[in-house]
Amino acid sequence: MKLLRDEIEQLIGQALVKAGISGDNWRQMLAPSRDTSQGDLSLPCFPLAKQLSRNPVELAQSIADEISSNPAIGEVSAVGGYLNIKANVNWLAQQVLSGKVRIGDALGTMNSTGRKVLIEHTSANPNGPFHVGRARNAILGDSLVRLHRLFGNEVRAEYYVDDMGKQVAVLAWALANLSKEQVEQTLVGRDPVNPRWSGKADHETVRWYQAAQKMREGENTQAIEDEIGRLVHASEHGDQDVLDQFESAYQPVLDGMLTTLSRLGIDFDTFTKESKFVIDGDVAKLMQRLSEMEIYGEADNGAGYLDLGQRGLKGKTEFFFRRGDGSSLYATRDIAYHMWKWQQSDDLINVLGEDHKLQGKQVAMALTELGERVPEVLFYSFIKLPEGKMSTRKGNVVFMDDLLEEAQAQAATIVRELRPDYSEEKVMEIAEAVGVSAVRFNIIKVSPDKGFTFRWEEALAFEAGSAPFIMYSHTRAHSVMLRCIEAGADVDSIIASEIDYSQQEMPTGIVELLRTIARHNDILDKAVNMRKPHLFAAQLLDLANAYNGFYRDCHILVEGVPNPLYLQVSELARNLLKAGMQGVGIIPIEQM
RNA sequence: GGGCGUGUAGCAUAGCUGGAUAAUGCAUCGGCCUCCUAAGCCGAAGACCGCGGGUUCAAAUCCUGCCGCGCCCGCCA
């Protein structure tokens, strides 16, 4: 709790100096208490006691005695060598309600740090609909974008469009050479397109890609391979006609994919095409520079690589950046892309699947070699299905479109049951918000480096520990506020009013809520700067839970008259919940 | 074989820049709607923190060796 720490750190420092401790190593030992029933901050005194050859229990006690009179401190205790400090609740209320807690805005541009951050995420090849596994990147990346904005950074969300290379070439070839009949004939035995998504290009056009892939596995494919090879080669040398053909092939598919993301509340500020760096000559210049490096090596056929083994890379040490025919590779273009990105932002963050770890390392080392900075990368593990790895080929996939439909449908069933008086239109609106939020939250709440298994029951759980739990607390807060207005109270002026916080009684519920609120900014900071969105997800659950406890203990509206303190706290919590929910893509509806 | 990651109650997870009695949800058992939305609240029970060593006043957390699982080790993207 930074709020309390800032207030008392100096005081503790003085007490320690008095006791004979010099230096400030103790500062990093002063940490949030593990169990909040014991305090807000704790200082284990063992190492300090050792330094002074004193009894830690006694040392803790003497510091406690020294600092107990500070108005910010409600309770200090020395227990078994730990100094436990609990904030004075009335002081805390005063601090928290006087604007010391930043609410922020995850959607706007309310910048306070002035730091420019470019976050690249998703960047999926435009060759088929999002399945739940691929969508983890988008959900994680977009949450990072939102959390950075909430924190006050100036963020640009970018999608790197893979518009060249073999995958797009296969798609373009198929569209140019196969009729619908040929495609369906080739794919006999496969599940047809779900009628719900007919006409959606990512579901529809992908059939051509799949058919082509299947044909390539068959006999006598040399002619096809040659033609595809010609397209790849042309695209990698910047042939504009071929690149245009590619674009008209992939763009509808990409649009379909973006429609799915948009339903999840995910969008991008900029799209940058991979071909850009070939066309404008950056890649050629880069390859020239790389071939002049001292760790440059060359294969018999003229292919070029950097020997990263000389820089400590273990395993396969040759990092190829140029083919024998002189063309660039994906990784080469990625380096050029990063150099370009560094020209437009203070910080770079990439969201990548764990399969890109080695590649990420190689690109980072090459960038270092070039005297460039290295981007921060958020790696995530894949989502499996109970049956195993997700694979479109085996039909072992859950499409995000289907998941969202199902989520909405199940949420609608629950809303109809719980609120029989709502109109069908309202039911569907609430269900959509609940469905989307639950799907996002279930992915965002777990640590990115944990691989997890997708299960329908869990993805569609709407109870405590899920997005709807948080949404529900928010609607409670909203509804209380409306009640106050209905009762004729001037909510705005009550919120702006000065209260003598030192005179207020503080039931358990409000105490816990105030402490949770006081931690809010600390956790956002950590979540953003350590790239751990799940920490903030947990904070939102804590906040919702604390709000529920407050709601239980502190009746805001009694006989038509709002309690000013309670209303102020409730409104602060509501605003923090709302902004925080937007920070992870939960939709803060006002009624459910 | 090498590199990286992961292993925590029946299940799913948090905690991993070392600190106290290991936290949360689901499932299980019990209680709460004449009172601001019960998608809620209160309580009970449930853990050799993968296994073995080591460092430390203190280890789920750091080091090390095993074991299980995942990802990667293309002149593919």
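Just so we're on the same page: letters track the sequence lines, and every chain starts at 1. Here the structure is a predicted model, which is why all the values come from computation and not from measurement.
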Would you kindly say whether [X] and [Y] are connected by a side-chain donor-acceptor distance under 3.5 Å?
{"X": "A:R323", "Y": "A:N301", "result": "no"}
{"X": "A:S275", "Y": "A:D163", "result": "yes"}
{"X": "A:S328", "Y": "A:R322", "result": "no"}
{"X": "A:S447", "Y": "A:D449", "result": "yes"}
{"X": "A:R216", "Y": "A:T221", "result": "no"}

Using the [atom1] atom on both, measure [N] against [M] and round to a whole Å.
{"N": "B:A47", "M": "B:U24", "atom1": "C1'", "answer": "14 Å"}
{"N": "B:C49", "M": "B:A20", "atom1": "P", "answer": "15 Å"}
{"N": "B:G7", "M": "B:A60", "atom1": "C1'", "answer": "11 Å"}
{"N": "B:A22", "M": "B:U61", "atom1": "C1'", "answer": "11 Å"}
{"N": "B:A44", "M": "B:G25", "atom1": "P", "answer": "13 Å"}
{"N": "B:U8", "M": "B:A14", "atom1": "C1'", "answer": "10 Å"}
{"N": "B:G15", "M": "B:C72", "atom1": "C1'", "answer": "28 Å"}
{"N": "B:C76", "M": "B:C71", "atom1": "P", "answer": "23 Å"}

Check: Hey, is the side chain of A:R323 poking within less than 4.0 Å of OP1 or OP2 on B:G74, counting only N and O atoms?
Finding: no

Checklist line | Short side-chain N/O contact to B:A39 OP1/OP2 from A:R419, under 4.0 Å | finding: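 Yes, A:R419 has a side-chain N/O under 4.0 Å of OP1/OP2 on B:A39.
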
Notebook entry, point to check: Is there side-chain contact between A:L567 and A:E571, with at least one heavy-atom pair below 4.5 Å?
Noted result: yes

Next item on the list: For A:K426 and A:D421, run side-chain contact (heavy atoms from CB on, under 4.5 Å): C-alpha distance rounded to whole Å, both residues' side-chain angles, the deciding distance at 0.1 Å, then the answer.
Entry: CA-CA 10 Å; A:K426 190 165 176 176; A:D421 54 320; over 6 Å; no

With a 4.0 Å cut-off on heavy atoms, is [X] in touch with a base, just the backbone sugar-phosphate, or nothing at all?
{"X": "A:E417", "result": "nothing"}
{"X": "A:M592", "result": "base"}
{"X": "A:R322", "result": "nothing"}
{"X": "A:F321", "result": "nothing"}
{"X": "A:S473", "result": "nothing"}
{"X": "A:V558", "result": "nothing"}
{"X": "A:L329", "result": "sugar-phosphate"}
{"X": "A:Q591", "result": "base"}

Margin query: Working note: A:R311 + A:I295, criterion side-chain contact (heavy atoms from CB on, under 4.5 Å); need CA distance, chi angles, decisive distance, verdict.
Written below: CA-CA 9 Å; A:R311 295 290 181 268; A:I295 56 170; 3.7 Å; yes

Salt bridge present between [X] and [Y] (N-O < 4.0 angstrom):
{"X": "A:E354", "Y": "A:K357", "answer": "no"}
{"X": "A:D24", "Y": "A:R27", "answer": "yes"}
{"X": "A:E225", "Y": "A:K166", "answer": "no"}
{"X": "A:R515", "Y": "A:E512", "answer": "yes"}

Does [X] make a side-chain donor-acceptor contact with the base of [N], cut-off 3.5 Å?
{"X": "A:S33", "N": "B:A20", "answer": "no"}
{"X": "A:D35", "N": "B:A23", "answer": "no"}
{"X": "A:D325", "N": "B:C75", "answer": "no"}

Notebook entry, point to check: Which ranges of RNA chain B pair up as stems, where a stem means three or more consecutive Watson-Crick or G-U pairs with both distances under 3.5 Å?
Noted result: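 Looking at RNA chain B, the stems formed by three or more consecutive pairs are B:1-7 with B:67-73, B:10-13 with B:23-26, B:28-32 with B:40-44, B:50-54 with B:62-66.
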
Note to self: Stacking between B:A20 and A:Y82, yes or no? Criterion: centroid separation under 5.5 angstrom, plane angle under 30 degrees.
What the structure shows: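 So yes, this residue stacks on that base, both cut-offs being met.
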
Item checked: A:H555 ring over B:C35 six-membered base ring, under 5.5 Å and 30° ->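 It does not: the two rings, one from A:H555 and one from B:C35, miss the stacking criterion.
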
Item checked: Closest nucleotide among B:A14, B:C75, B:G25 to the A:A464 side chain ->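 Nearest listed nucleotide: B:G25.
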
Item checked: Closest-nucleotide ordering on RNA chain B, the 5'-leading residue of A:G80 and A:L418 ->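 Between the two, 5'-proximity favours A:G80.
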
Check: In terms of the nearest nucleotide of RNA chain B, which residue is placed more toward the 5' end: A:T453 or A:G324?
Finding: A:T453

Round to a whole Å and report the spacing from [atom1] of [X] to [atom2] of [N].
{"X": "A:I586", "N": "B:A39", "atom1": "CD1", "atom2": "P", "result": "18 Å"}
{"X": "A:L378", "N": "B:C4", "atom1": "CG", "atom2": "P", "result": "19 Å"}
{"X": "A:F319", "N": "B:C73", "atom1": "CZ", "atom2": "C1'", "result": "14 Å"}

Check: Got a second to check how far A:S235's OG is from A:H233's NE2, nearest 0.5 Å?
Finding: 9.5 Å

Margin query: Please report the interatomic distance CD1(A:I556) to CZ(A:R483), rounded to the nearest 0.5 Å.
Written below: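 One finds 12.0 Å between CD1 of A:I556 and CZ of A:R483.
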
Next item on the list: Could you identify which residues of residues 528-541 of chain A place a heavy atom less than 4.0 Å from some atom of RNA chain B, listed by residue number, or say none?
Entry: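 Only A:H534, A:L535 qualify.
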
Next item on the list: Decide ring-ring contact (aromatic ring centres under 6.0 Å, His included) for A:F321 and A:Y305; before the verdict, give the C-alpha distance in whole Å, the side-chain angles of both, and the deciding distance to 0.1 Å.
Entry: CA-CA 5 Å; A:F321 65 86; A:Y305 63 87; 8.3 Å; no

Checklist line | Matching residue for A:N350 among A:H338, A:H356, A:H121, A:E376 - test: side-chain hydrogen bond (donor to acceptor under 3.5 Å, both in side chains) | finding: A:H338

Where do N or O atoms of nucleotides 42-44 of chain B meet protein N or O atoms at under 3.5 Å, pair by pair?
{"unit_1": "B:C42", "atom_1": "OP1", "unit_2": "A:R552", "atom_2": "NH1", "d": "2.8"}

Notebook entry, point to check: How should the glycosidic conformation of B:C33 be described, syn or anti, under the criterion that syn lies within 90° of 0?
Noted result: syn

Next item on the list: Step by step, work out the ring-ring contact (aromatic ring centres under 6.0 Å, His included) result for A:F382 and A:F452.
Entry: CA-CA 7 Å; A:F382 295 122; A:F452 77 93; over 10 Å; no

Could you go through nucleotides 55-60 of chain B and list every protein N or O atom that sits under 3.5 Å from one of its N or O atoms, giving the distance for each pair?
{"unit_1": "B:C57", "atom_1": "OP1", "unit_2": "A:K50", "atom_2": "NZ", "d": "2.6"}
{"unit_1": "B:A60", "atom_1": "N6", "unit_2": "A:R34", "atom_2": "NH1", "d": "3.2"}
{"unit_1": "B:A60", "atom_1": "N6", "unit_2": "A:R34", "atom_2": "NH2", "d": "2.7"}

For nucleotides 70-72 of chain B, which of its nitrogen or oxygen atoms have a protein nitrogen or oxygen under 3.5 Å away, and what is each distance?
{"unit_1": "B:G70", "atom_1": "O2'", "unit_2": "A:E354", "atom_2": "OE2", "d": "3.4"}
{"unit_1": "B:C71", "atom_1": "O4'", "unit_2": "A:E354", "atom_2": "OE2", "d": "3.4"}
{"unit_1": "B:C71", "atom_1": "O2'", "unit_2": "A:E354", "atom_2": "O", "d": "3.4"}
{"unit_1": "B:C71", "atom_1": "O2'", "unit_2": "A:D355", "atom_2": "N", "d": "3.4"}

Notebook entry, point to check: So, does A:N125 use its side chain to make a donor-acceptor pair with the main chain of A:V168 at under 3.5 Å?
Noted result: no

Please list every donor-acceptor pair under 3.5 Å in which a side-chain atom of residues 312-320 of chain A meets a protein atom from a residue at least two apart or in another chain.
{"unit_1": "A:K316", "atom_1": "NZ", "unit_2": "A:E318", "atom_2": "O", "d": "3.0"}
{"unit_1": "A:T317", "atom_1": "OG1", "unit_2": "A:D307", "atom_2": "OD1", "d": "3.2"}

